[in-house]
Participant: 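Sharing a structure below in structure tokens format, with a few things to ask.
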Amino acid sequence: MYHHSLRQDVFIKDEYHYLNVSKVGTFTAYDSLDCTFECLGNPSCLSFNLAAYKGADGKLRCELLSSEKYSNPEEYKRNESFHHFSIKTPCMSSPCQNGGTCVANYKYHSFDCRCKEGFYGEFCEKDFIVYRLNVTQLVTLLLDSKLVSVLCHFGNFGCGDGGWTPVMKMDGNKQTFHYDTSFWRNKETFNLDGGKTRFDSQETKLPSYWNTSFSKICLGMKIGQQIRFIVVNQQANSLYSLIADGQYRNTSLGRDTWKSLIGSNASLQENCNKEGFNAVSGKPGYSKARIGIINNNQDDCASCNSKIGFGTGGRPDGSNSCGNVAELYPDNGNKHIKTMGYILVQ
């Protein structure tokens with residue numbers, strides 16, 4: 001510390017307060033000016049307590065302190081016997097948020113914030129994860145050793161209570177997340193900014209695809225302004241672990257549950273009903289879905305011509321990467337419905 005450059009007027013007086021920290025010296029003084037000079041002459045002194053009332057000798061007790069109130073808020077209390085004097089610091093404005101502790105650097109007139117667990121940032125203004133109910137919150141998660149801002153969803157928006165971490169958003173009109181694209185097989189992100197927005201038309205693939213474990217998957221499809229959701233009870237280390245290797249893994253939701261993503265316009269052929277992850281027809285070129293259900297008119301799964309799912313492909317209409325396609329005698333007529341798709345995990 002370089003106290004020789006400081007003057008008395010850089011000290012702030014807090015009447016009837018006491019800071020209970022280690023002392024670097026104790027003296028008797030006639031007034032606050034005497035105590036101030038004692039502090040300025042001691043490189044270890046950062047603040048001092050001065051008795052509010054004189055003793056029998058007509059002097060005031062002066063306690064030189066090794067720290068200041070901003071670094072020790074829990075030790076700073078009201079006291080009817082003392083006044084506290086502290087050096088003006090950048091911490092006076094209480095810049096540290098969320099319970100962070102401000103640590104002043106007097107030499108350079110700057111400060112650092114020591115953040116409580118779960119918070120970070122210059123002012124401790126950012127949180128790693130927030131547990132709240134019935135809100136949608138932009139939070140910063142530590143994913144794959146990197147800080148990623150995502151819009152996490154809390155409360156029951158259609159998939160039940162709790163916090164839901166976004167994984168992917170896809171547009172059925174685009175080929176970004178078609179069944180055959182490498183995004184389903186790799187650990188590469190796509191448009192991270194899309195993870196910061198709500199259920200809109202921005203596509204995204206987040207690191208949560210390969211490094212977030214879960215016990216539930218929330219699937220949503222948006223047609224116009226209507227979003228319909230279903231929940232898959234599935235435990236896994238990540239969505240990547242279920243999909244990237246191309247192996248079929250079944251679910252047992254039933255065709256009606258999958259059709260509920262589309263609503264009253266949904267249509268599927270009557271047979272096969274192969275559902276889950278990497279659902280693929282027996283013959284090359286026919287319907288397939290990374291997540292979803294495929295159906296056939298024949299009593300097998302060889303040449304399916306209908307599907308509802310995410311990351312779809314194959315005939316008919318291989319251009320549809322998310323939604324519902326159905327031809328050849330489906331139960332509700334031929335359909336070519338492209339949707340926005342949303343995948344979240346919990």
Side-chain angles (χ1 to χ4, degrees), residues 118 127-131 136-154 157-171 176-199 202-221 229-253 257-258 261 274-280 288-293 308-313 321-322 340-346:
D127 48 359
F128 286 107
I129 188 162
V130 182
Y131 294 99
T136 298
Q137 176 81 24
L138 184 65
V139 302
T140 303
L141 303 178
L142 188 62
L143 298 174
D144 206 28
S145 300
K146 297 179 181 178
L147 296 175
V148 180
S149 294
V150 298
L151 194 72
C152 287
H153 302 264
F154 301 87
F157 54 87
C159 285
D161 290 328
W164 292 91
T165 302
V167 178
M168 299 176 75
K169 298 192 297 187
M170 61 195 70
D171 186 342
T176 312
F177 298 111
H178 185 277
Y179 185 98
D180 294 326
T181 64
S182 60
F183 279 120
W184 295 102
R185 304 186 300 272
N186 64 30
K187 295 183 179 180
E188 296 180 5
T189 60
F190 178 83
N191 185 30
L192 289 176
D193 285 342
K196 302 176 183 178
T197 56
R198 297 177 183 269
F199 298 115
Q202 287 198 63
E203 293 190 301
T204 188
K205 177 190 171 188
L206 303 172
S208 49
Y209 177 73
W210 63 84
N211 66 11
T212 301
S213 59
F214 53 82
S215 59
K216 295 180 181 179
I217 305 172
C218 174
L219 301 175
M221 285 190 176
F229 294 97
I230 63 173
V231 175
V232 182
N233 291 312
Q234 180 80 37
Q235 190 163 356
N237 291 328
S238 66
L239 203 57
Y240 174 89
S241 69
L242 292 176
I243 295 175
D245 62 5
Q247 297 297 308
Y248 171 59
R249 294 174 174 87
N250 72 294
T251 57
S252 55
L253 300 182
T257 299
W258 291 103
L261 284 168
K274 186 176 183 178
E275 61 170 285
F277 306 92
N278 298 318
V280 179
K288 51 189 175 182
R290 289 296 183 179
I291 306 174
I293 186 171
I308 295 175
F310 304 76
T312 54
S321 61
C322 184
M340 277 299 301
Y342 309 101
I343 305 175
L344 307 91
V345 296
Q346 183 185 89

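From a predicted model like this one, the values you see are computed outputs, not experimental measurements.
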Participant: For K288 and Y179, indicate whether the former's side chain and the latter's backbone hold a donor-acceptor pair under 3.5 Å.
Facilitator: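 No; judged by distance alone, with no hydrogens or angles, the pair does not exist.
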
Participant: Under the side-chain hydrogen bond (donor to acceptor under 3.5 Å, both in side chains) rule, collect the residues that match up with R249, sequence neighbours excluded.
Facilitator: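 R249 satisfies side-chain hydrogen bond (donor to acceptor under 3.5 Å, both in side chains) with D245 only.
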
Participant: For side-chain contact (heavy atoms from CB on, under 4.5 Å), just list the numbers for C322 and M221, CA-CA rounded to whole Å, side-chain angles, deciding distance to a tenth of an Å, and then say yes or no.
Facilitator: CA-CA 8 Å; C322 184; M221 285 190 176; 4.1 Å; yes

Participant: May I ask you to establish whether K187 and Y209 are in a cation-pi arrangement, using a distance under 6.0 Å from NZ or CZ to the six-membered ring centre and at most 45° from the ring axis?
Facilitator: no

Participant: With respect to I343, which candidate in L206, L219, V232 satisfies the side-chain contact (heavy atoms from CB on, under 4.5 Å) definition?
Facilitator: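 Result: among L206, L219, V232, L219 is the only option passing the side-chain contact (heavy atoms from CB on, under 4.5 Å) with I343.
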
Participant: What do the steps show when you test T197 against K169 for side-chain hydrogen bond (donor to acceptor under 3.5 Å, both in side chains), and what is the final call?
Facilitator: CA-CA 10 Å; T197 56; K169 298 192 297 187; 2.8 Å; yes

Participant: Does M168 reach the side chain of T204, with side-chain heavy atoms less than 4.5 Å apart?
Facilitator: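 A side-chain contact under 4.5 Å is absent here.
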
Participant: Does the side chain of I243 reach to within under 4.5 Å of the side chain of I291, using non-hydrogen atoms?
Facilitator: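 Of all side-chain heavy-atom pairs linking I291 with I243, at least one is under 4.5 Å.
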
Participant: Please lay out, stage by stage, how T176 and E203 fare under the test side-chain hydrogen bond (donor to acceptor under 3.5 Å, both in side chains).
Facilitator: CA-CA 8 Å; T176 312; E203 293 190 301; 2.6 Å; yes

Participant: ring-ring contact (aromatic ring centres under 6.0 Å, His included) between F229 and F199: does it pass, once the steps are laid out?
Facilitator: CA-CA 12 Å; F229 294 97; F199 298 115; 5.4 Å; yes

Participant: Give me the atom names and distance for the closest heavy-atom approach of V280 to K274.
Facilitator: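 Scanning both residues, the minimum pair turns out to be O-NZ, 3.0 Å.
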
Participant: Please find the pair of heavy atoms, one from G195 and one from P166, that lie closest to each other, and give the distance.
Facilitator: O-CG, 4.5 Å

Participant: What distance separates N186 CG from Y240 OH, expressed to the nearest 0.5 Å?
Facilitator: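 Answer for the CG-OH pair, N186 versus Y240, is 8.0 Å.
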
Participant: Give the minimum heavy-atom separation between E188 and W210, together with the two atoms involved.
Facilitator: N-CZ3, 3.7 Å

Participant: Write down the atom of L261, the atom of I230, and the distance for their closest heavy-atom approach.
Facilitator: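 That would be CD1-CD1, 3.7 Å.
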
Participant: How many angstroms lie between CG in D180 and CZ in R185, if you round to the nearest 0.5 Å?
Facilitator: 7.5 Å

Participant: So, taking the atom named CE in M170 and the one named OG in S321, what distance separates them when rounded to the nearest 0.5 Å?
Facilitator: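 Taking CE in M170 and OG in S321, the distance rounds to 7.5 Å.
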
Participant: Set out, in order, the CA-CA distance, both residues' side-chain angles and the distance that settles side-chain contact (heavy atoms from CB on, under 4.5 Å) for F157 and C218, then state yes or no.
Facilitator: CA-CA 10 Å; F157 54 87; C218 174; 3.8 Å; yes

Participant: Within the distance-only criterion (no hydrogens, no angle test), does the side chain of S238 pair as donor or acceptor with the backbone N or O of S241 below 3.5 angstrom?
Facilitator: yes

Participant: Is it true that atom CG of N237 has more than 12 heavy atoms of other residues, nucleotides or ligands lying nearer than 6.0 Å?
Facilitator: no

Participant: How far does OG1 of T251 sit from CG of L253, to the nearest 0.5 angstrom?
Facilitator: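 Nearest 0.5 Å value for the OG1-CG distance: 4.5 Å.
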
Participant: Could you check L344 against F214 for side-chain contact (heavy atoms from CB on, under 4.5 Å), going step by step and ending with a plain yes or no?
Facilitator: CA-CA 10 Å; L344 307 91; F214 53 82; over 6 Å; no

Participant: Could you tell me the separation between the CH2 atom of W184 and the CZ atom of F277, rounded to the nearest 0.5 Å?
Facilitator: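 Reported value, rounded in 0.5 Å steps: 10.0 Å.
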
Participant: Measure the acute angle between the ring planes of F183 and F177, then classify it against the limits of 30° and 60° as parallel, tilted or perpendicular.
Facilitator: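 Plane angle between 30° and 60°, so tilted.
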
Participant: Kindly compute the distance separating CD (Q234) from OG (S215), expressed to the nearest 0.5 Å.
Facilitator: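 That separation rounds to 10.0 Å.
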
Participant: Using the side-chain contact (heavy atoms from CB on, under 4.5 Å) rule, pick out the option among L242, T312, N278 that qualifies with R290.
Facilitator: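 It is N278, the one option of L242, T312, N278 that forms the side-chain contact (heavy atoms from CB on, under 4.5 Å) with R290.
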
